Amino acid sequence: MLEKTFDPKTAEPRLYAAWEASGRFAPVDDPAAEPFSIVIPPPNVTGSLHIGHALNNTLQDVLIRFERMRGKAALWLPGTDHAGIATQMVVERQLASEGNVGRREMGREAFVAKVWEWKAQSGGTIVNQLRRLGASCDWSRERFTLDEGLSAAVRKVFVTLHREKLIYRDKRLVNWDPHFQTAISDLEVEQREVDGHFWHFAYPLEDGSGEIVVATTRPETMLGDTAVAVHPSDERYKHLVGKKVRLPIVGRLVPIVADEYADPEKGTGAVKLTPAHDFNDFTVGKRHGLEMINILDDFGRLNDAVPQAYRGLDRSVARKRVIEEFEALELLRGVEKTRHMVPHGDRSGVVVEPYLTDQWYVNAEHLAREAIAAVETDRTVFVPKHWEKTYFEWMRNIQPWCISRQLWWGHRIPAWFGPDGTVFVEETEEGAKAKALEHYGRDEPLTQDEDVLDTWFSSALWPFSTLGWPEKTDDLARFYPTHTLITGFDIIFFWVARMMMQGLHFMDEVPFKRVFINALVRDASGAKMSKSKGNVLDPLELVDDFGADALRFTLTAMSGAARDIKLSRPRIEGYRNFGTKLWNATRFTQMNGCARAPGFDPAAVKAPLNRWIVGETQRTSAAVTAALADCGFDEAANTLYRFIWNRFCDWYVELAKPLLTGEDQAAKVETQATAAWALDVILALLHPVMPFVTEELWGQTAGLGAPRAHDGFLMTAPWPELPASLVDPVADAEIALIIEAISEGRSVRQELNVPPQAQPPLLVVEASEAQRNVLKANAPLVARLLRVSEVRFVDAAPEGSIPYVVEGATLALPVAEFIDLAAERARLAKEVAALASDIARTAGKLNNPDFVSRAPEEVVEENRERLAEAEAAKAKLESALARLGAVA
RNA sequence: GGGCGGCUAGCUCAGUUGGUUAGAGCACCUCGUUUACACCGAGGGGGUCGGGGGUUCGAAUCCCUCGCCGCCCA
């Protein structure tokens, strides 16, 4: 006998261990099985599971379990990402907190060794947390972006793209993060609106004929100014173009140039140009051949290109000093407050500097062409579709991708420099040496590029590098392209787009046929969860409190992708209760001898109740299958919830009780077998969403009756495929009548405050022949659930009985002695009013010639029937009301 | 400034291609411990579907417009 509730705390670890030990997380070996693969969005190796991971991985697990049960060779390939900046940051912080020397003092080799140590120590955290969630990843194929195999893939891709001139070295402005002292890509820059000022600075004209006033939000950059620009058609300044100004403080003479970049409407209409520290100024500077003076060092301090007094100052200190000096020189012409966008590093949070350096770039524009075309032609589809727009928007305006990072943790760039700066890009040092020998005619010392690659460079290869590429492995042949990618919209650019580019370029095939973009999890009030706000729900804590199934079901049921998920504990609690409900329904069947019958054929059951539940089960299985096949995770979950709770438990189990305890042995046996059959189907359908409780129940019921065709784990049991012919409309109608008779009768009783103990008969006043037969055959059932003494057939409702109409039949409860006549009149009047308004609406439609002539025939017919039914019901209730009036 | 998403019951959300009386869960009120389940059962109240306009026989659903909220890009 089952316990009263499921105990996730003990059962989940036990079940997971058993699954994992079975080796069945790996795809089946059967070459006939259709491959179905997904690759995990690799979490940061040193990270820990947050609620977003929980959602994303739950959906992946739902999908992979579904396809595995459908008999596919289902592979969910897991792994982790080395997460360059993030990990290096964590380790540096840890070193500092332990009072160690910094990484620079420590040296590259020692530092990287430290990071590996940290990875060894904390790298297992997140994958173990995924296990707690129930993720059925094939751990035997687990990969890490810095694995030797993946590193080989990275080198091969780099070298190939370099040969194709799609990777090149260039000196241009990059986004420089002074905190980490590295370049970052455009995507890693966050524009934040901040309060600032416009300072108006006067630059004296060289010839002493006056001054020109420029406005700037960044005073310190004036130390690197090399021109002033005005709009060519700006009458105020036309006469100054070609003249020079002498930069205060610096003393440098710089030209006034005419350029359309200067906006006459903005500020003073004249703009200072610092080509080495502003993206716009850089472009203008190129146009006019201006000098580019870099005034900063890697740390964001002023360098030796500025006057002595400023050297070594932090940029923020320098800003204050410049302003003070302008004031002292009486050249400050004004200050206005402004709000403006300032670029910040997304990891460091510090203000990013445009900085002139040599970096490696990918010609993303070239690679994007095919990636755009593939989505345009639906070789890869986004679900929901509208995310394609976001993808296209970015892809069509893509900029060169800066891929070098001045970090130590990552894939070191496979480029070696000779003494004269000649670069040799090869997969190995030996290869580079050979090329150098060829080039120089003798051995020359080579030094490898110090930089590493952007983490996303290796992530972009994930769908094929994890399958063994560049080796021609069986896995690669079998599982590439992958089927579905499930990820968040926040990394469409970072990751999805780049996988599309690299996959198409190197595999000539899209990396995945479908991309499902999952929602963002927020707190109950809709705010983004963050540690600083303290509104974070820790998925592991939720698993502890409610079990993994409850959390999974909640996330799945709320995953309607159009909107954010507002997660709250009461919601999870409710779905925990759902698991308990199923548990107890199983417990009930167990107590009542429900067991699988050998050779049970659901199409052959006789009792209408059993025929009905068989049909309902079929409908549910078809709906759930269609939903899951289409990434309709929420729909699948909600369909199951309604079926299991509101149909199976609320009605089937209740209606089956008399059969299970009754005298009719044949009906009893059939019901036991049907219940066992339906429950097996339910467990299978629910398994992808709630794997633990279903697996446990599957195991607990394994010994009841005939053995299952599949006697292993539910996880690998076949998915229910039931023919639509199992639906029996006659049985449906019969059960509908019974359910309605009971429901409506209960409603009458409660509304009129008939005492629960009272057991009047149920009177059947008017009903069709078929309906009479159904009510007669099921009299004990109705009597029990409606708490009436019997079902009695009468010719007319006696005085003081309370009639109600269901499915066109008139039933009545003789409960006059118990009730308040005024309450009953009110009830009837309310019903009559509701019917009257319905009649008015329907009649209005039918009296409209346009409706009758233009609406489809079946819609018109439906309305005619509806009107007739409502009118009949209204007449019955009105006569009852009249009788009551007479009594009073 | 451009784009996307949202606005439906007190709260969180469903509502296929326009077509019964717009649904569910939670919360709330009433009743109930009938041999699966109080992590339960029965019943009930509660919405002019953000505003306005339009198309249509018919609009929560399609179109236009305005408002508010959130996000992305510049």
Side-chain angles (χ1 to χ4, degrees), chain A residues 1-2 4-6 186-187 190-191 341 384 386-390 392-394 397 489-490 492-493 519-520 522 524-528 546-547 550 554 557-558 560-571 573-592 594 626-627 632 634-635 638-639 641-642 645-646 649-650 653-654 656-657 660-661 742-757 784-787 834-835 837-839 841-842 844-856 858-860 862-863 865-867 869-870:
Chain A
M1 176 67 61
L2 290 169
K4 272 194 130 179
T5 55
F6 176 57
D186 297 343
L187 283 176
E190 256 175 36
Q191 299 292 338
M341 292 304 219
H386 68 80
W387 288 109
E388 287 179 4
K389 215 165 169 170
T390 306
F392 286 139
E393 185 63 24
W394 188 69
N397 296 294
F489 61 80
D490 49 334
I492 290 178
F493 304 149
L520 185 69
R522 297 170 175 279
S525 55
K528 203 167 170 174
F546 303 110
T554 307
M558 298 183 80
R563 62 171 78 223
D564 304 331
I565 295 179
K566 291 181 187 132
L567 193 64
S568 64
R569 294 175 64 91
R571 190 90 187 198
E573 194 179 355
Y575 289 127
R576 185 271 320 267
N577 296 350
F578 171 63
T580 306
K581 186 76 183 176
L582 173 66
W583 181 268
N584 278 292
T586 309
R587 189 160 171 266
F588 168 82
T589 61
Q590 204 183 32
M591 292 166 108
N592 283 278
C594 296
D634 55 336
E635 196 190 334
N638 291 318
T639 299
Y641 184 95
R642 283 192 297 268
W645 201 315
N646 304 125
C649 292
D650 287 350
V653 167
E654 291 307 320
K657 280 176 181 173
L660 290 168
T661 56
I742 295 167
S743 287
E744 286 298 311
R746 281 172 174 167
S747 182
V748 169
R749 287 185 69 127
Q750 295 232 15
E751 267 187 75
L752 298 178
N753 293 317
V754 175
Q757 306 78 18
R784 175 191 172 118
L785 292 180
L786 187 51
R787 298 181 68 70
L835 286 168
S837 87
D838 187 31
I839 287 166
R841 201 187 340 266
T842 313
K845 276 189 197 176
L846 290 167
N847 290 335
N848 180 343
D850 283 332
F851 173 72
V852 177
S853 62
R854 297 195 192 194
E858 64 267 24
V859 173
V860 176
E862 234 173 73
N863 276 276
E865 283 168 18
R866 179 183 162 69
L867 179 63
E869 273 172 34

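The structure displayed is predicted, hence computed values, not measured ones.
- Remark: the separation of the P atoms in B:A42 and B:G47 is 24 Å, to the nearest Å.
- Atom name P, nucleotides B:C63 and B:G6: the rounded distance is 12 Å, in whole Å.
- Taking atom CD of residue A:E393 and atom P of nucleotide B:C72, one finds them 15 Å apart after rounding to whole Å.
- Protein atom CZ of A:F493 is 7 Å distant from nucleotide atom C1' of B:C73, rounded to whole Å.
- For the P atoms, the distance linking B:G41 with B:G53 amounts to 45 Å, nearest Å.
- Without hydrogens or angle criteria, A:R587 side chain to A:L2 main chain gives a donor-acceptor distance under 3.5 Å.
- Distance check on atom C1': B:G1 versus B:G46 gives 43 Å, rounded to whole Å.
- In this structure, the CH2 atom of A:W387 is 16 Å from the P atom of B:G3, given to the nearest Å.
- Checking B:A27 for Watson-Crick or G-U wobble geometry (two distances, each under 3.5 Å) identifies no partner in any strand.
- B:G5 and B:C69 make up a base pair, with Watson-Crick or G-U wobble contacts both under 3.5 Å.
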- prompt: How does protein reach along nucleotides 33-41 of chain B, written 5' to 3' as B (base within reach of a heavy atom under 4.0 Å), S (only sugar-phosphate), or - (no contact)?
  reply: -B-BBSBSS

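- When all heavy atoms of A:C594 and A:L660 are compared, the closest pair comes out as SG-CD2, 4.2 Å.
- Rounded to whole angstrom, the span from the CG atom of A:D634 across to the P atom of B:G23 amounts to 20 Å.
- For A:F546 and A:Y575, the gap between ring centers reaches or exceeds 6.0 Å.
- Summarising the local packing, CD of A:E635 is surrounded by 12 or fewer heavy atoms from other residues, nucleotides or ligands at distances under 6.0 Å.
- With hydrogens and angles ignored, the 3.5 Å screen pairs no side-chain donor or acceptor of A:R787 with any backbone N or O of A:Q757.
- In plain terms, the two heavy atoms of A:K581 and A:C649 that are nearest each other are CE-CB, 3.6 Å.
- Partners of A:E393 under the salt bridge (charged side-chain N to carboxylate O under 4.0 Å, His left out) rule, at least two apart in sequence or in another chain, do not exist in this structure.
- Going from atom CZ of A:R569 over to atom C1' of B:A27 covers 18 Å, rounded to whole Å.
- Comparing A:Y575 and A:S747 against RNA chain B, the residue whose closest nucleotide sits nearer the 5' end is A:Y575.
- One atom, CD of A:E388, and another, C1' of B:G5, lie 16 Å apart when rounded to the nearest Å.
- A:T589 and A:T586 get closest at one heavy-atom pair: OG1-O, 2.7 Å.
- Taking atom P on both nucleotides, B:U8 is separated from B:G51 by 10 Å, rounded to a whole Å.
- Comparing B:C71, B:C4, B:G25 by their nearest atom to the side chain of A:K389 picks out B:C4.
- Atom C1' of B:G45 sits at a distance of 11 Å from the matching atom of B:A9, rounded to the whole Å.
- Across all strands, A:T390 comes closer than 4.0 Å to no nucleic acid atom at all (heavy-atom distances).
- The gap from the P atom of B:U21 to that of B:G58 amounts to 16 Å, rounded to the nearest Å.
- Both distances falling under 3.5 Å, in either a Watson-Crick or a G-U wobble arrangement, occur for no nucleotide opposite B:A59.
- One interatomic measurement links the two molecules: CG of A:D490 to C1' of B:C4, which rounds to 15 Å at whole-angstrom precision.
- For the pair A:R749 CZ and B:G44 C1', the interatomic distance rounds to 16 Å; values are reported in whole Å.
- Separating the C1' atom of B:U16 from that of B:G23 is a span of 15 Å, rounded to the nearest Å.
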